[in-house]
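Working notes for the structure below.
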Amino acid sequence: MEVIIREYELEDIEQMVELGAMMHKEGAYSHLPYSKAKCRDLGKRFKHFDYGNMWVAESDGKIIGMYIAFITEYFFCYDKIAQDFLLYVHPDYRKKNSTIAIRLIKKAEQWAKDRGAKEFCPASSMAISSGRLEKLYNFMKYKTVGHLFKKRLD
């Protein structure tokens, strides 16, 4: 099984929206609605701006993974920092090809570096394989810093 990692194309958005729906059902935000229209709009907007990008993992014409990252400024200075919206690999492919997530992250890292980001600070709030994800990022020389806190207000 060959897996290609590449920047997304507008034609990929529908498959990405469906993969996102799967991620949403599996993750910590499943109690909230999932707007396919909002996700489609995000995909279209990212093609027109240099502040964000998306990458897909594709096998036999099927999108099986995706990574979405963006660049902003630190709140205390004008230097740039890269962060992510999501990393997701279809459950059927997580163990078959364990390098998919690493390859997606490396594409985003290079993109951020090319745009002058000083750091890449991904987060994990979906609570999907959190322990495995932390090990993956630590393996890639990321340091675990701080904590993410969450409280429902309904």
Q: Have a look at Phe46 and tell me which of Ile68, Ile13, Leu10 forms a side-chain contact (heavy atoms from CB on, under 4.5 Å) with it.
A: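 The residue from Ile68, Ile13, Leu10 that satisfies side-chain contact (heavy atoms from CB on, under 4.5 Å) with Phe46 turns out to be Ile68.
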Applying side chain to side chain contact (heavy atoms under 4.5 Å, CB included), can you list everything that pairs with [X], at least two apart in sequence or on another chain?
{"X": "Lys38", "answer": "Ser35"}
{"X": "Thr99", "answer": "Asn97, Arg103"}
{"X": "Asp41", "answer": "Arg45"}
{"X": "Arg115", "answer": "Asp50, Ile71, Trp111"}

**Q.** For Glu119, side-chain hydrogen bond (donor to acceptor under 3.5 Å, both in side chains) partners two or more places apart
**A.**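 Counting only residues at least two positions away or on another chain, Glu119 forms a side-chain hydrogen bond (donor to acceptor under 3.5 Å, both in side chains) with Tyr74.
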Rounded at 0.5 Å granularity, tell me how far [atom1] in [X] sits from [atom2] in [Y].
{"X": "Glu109", "Y": "Asp114", "atom1": "CD", "atom2": "CG", "value": "11.5 Å"}
{"X": "Cys39", "Y": "Met23", "atom1": "SG", "atom2": "CE", "value": "7.5 Å"}
{"X": "His90", "Y": "Glu18", "atom1": "NE2", "atom2": "CD", "value": "11.0 Å"}
{"X": "Leu19", "Y": "Glu14", "atom1": "CG", "atom2": "CD", "value": "12.0 Å"}
{"X": "Glu58", "Y": "Arg6", "atom1": "CD", "atom2": "CZ", "value": "4.0 Å"}
{"X": "Asn53", "Y": "Glu7", "atom1": "CG", "atom2": "CD", "value": "4.0 Å"}

Q: Would you sort out whether Phe120 and Ile105 count as a side-chain contact (heavy atoms from CB on, under 4.5 Å), showing the intermediate values?
A: CA-CA 10 Å; Phe120 199 110; Ile105 294 165; 5.7 Å; no
Q. Distance-only, no hydrogens or angles: does the Asp84 side chain make a donor-acceptor pair with backbone N or O of Ala123 under 3.5 Å?
A. yes
Q: Keeping the roles fixed (side chain from Lys150, backbone from Ala28), state whether a donor-acceptor pair exists under 3.5 Å.
A: yes
**Q.** pair Met66-Leu104: side-chain heavy atoms closer than 4.5 Å
**A.**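 Answer no - side chains too far apart.
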(Q) Could you tell me if the side chain of Thr72 sits less than 4.5 Å from the side chain of Tyr51, heavy atoms only? (A)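 A side-chain contact is absent here, since even the closest heavy-atom pair is not under 4.5 Å.
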Q | Atom CG of Asp60: over 12 foreign heavy atoms under 6.0 Å | A |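 Counting neighbours around CG of Asp60, 12 or fewer heavy atoms of other residues, nucleotides or ligands fall under 6.0 Å, so no.
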Q: Count the heavy atoms belonging to other residues, nucleotides or ligands that lie under 6.0 Å from NZ of Lys143, then report whether that count exceeds 12.
A: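 At most 12 heavy atoms, drawn from other residues, nucleotides or ligands, come within 6.0 Å of this atom.
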Q. Looking only at heavy atoms, which two atoms of Gln15 and Gly61 are closest? And how far apart?
A.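 Smallest heavy-atom distance, with atoms named: NE2-O, 3.4 Å.
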Q) Is Ile81 linked to Phe76 within one hydrophobic cluster, defined over Ile, Leu, Val, Met, Phe, Trp and Tyr using a side-chain heavy-atom separation of less than 4.5 Å? A) yes
(Q) Evaluate Val89 against Ile64 for side-chain contact (heavy atoms from CB on, under 4.5 Å), listing each step before the verdict. (A) CA-CA 6 Å; Val89 176; Ile64 60 169; 5.7 Å; no
Q.
Please evaluate residues Tyr67 and Met54 with respect to the criterion side-chain contact (heavy atoms from CB on, under 4.5 Å), reporting the C-alpha separation (whole Å), side-chain torsions for both, the decisive distance (0.1 Å), and the verdict.
A. CA-CA 6 Å; Tyr67 196 61; Met54 302 183 198; over 6 Å; no
Q. With a 3.5 Å cut-off and no angle check, do the side chains of Tyr142 and Glu134 form a donor-acceptor pair?
A. no
Q. Would Lys47 count as a cation-pi partner of Tyr8, with NZ or CZ less than 6.0 Å from the six-membered ring centre and within 45° of the ring normal?
A. yes
Q: List the steps, then state whether side-chain contact (heavy atoms from CB on, under 4.5 Å) holds for Glu2 with Ile4.
A: CA-CA 7 Å; Glu2 181 184 8; Ile4 297 167; 4.1 Å; yes
Q. Which pairs pass ring pair (Phe, Tyr, Trp, His ring centres under 6.0 Å) with one or both residues in residues 10-33, sequence neighbours excluded?
A. His24-Tyr34
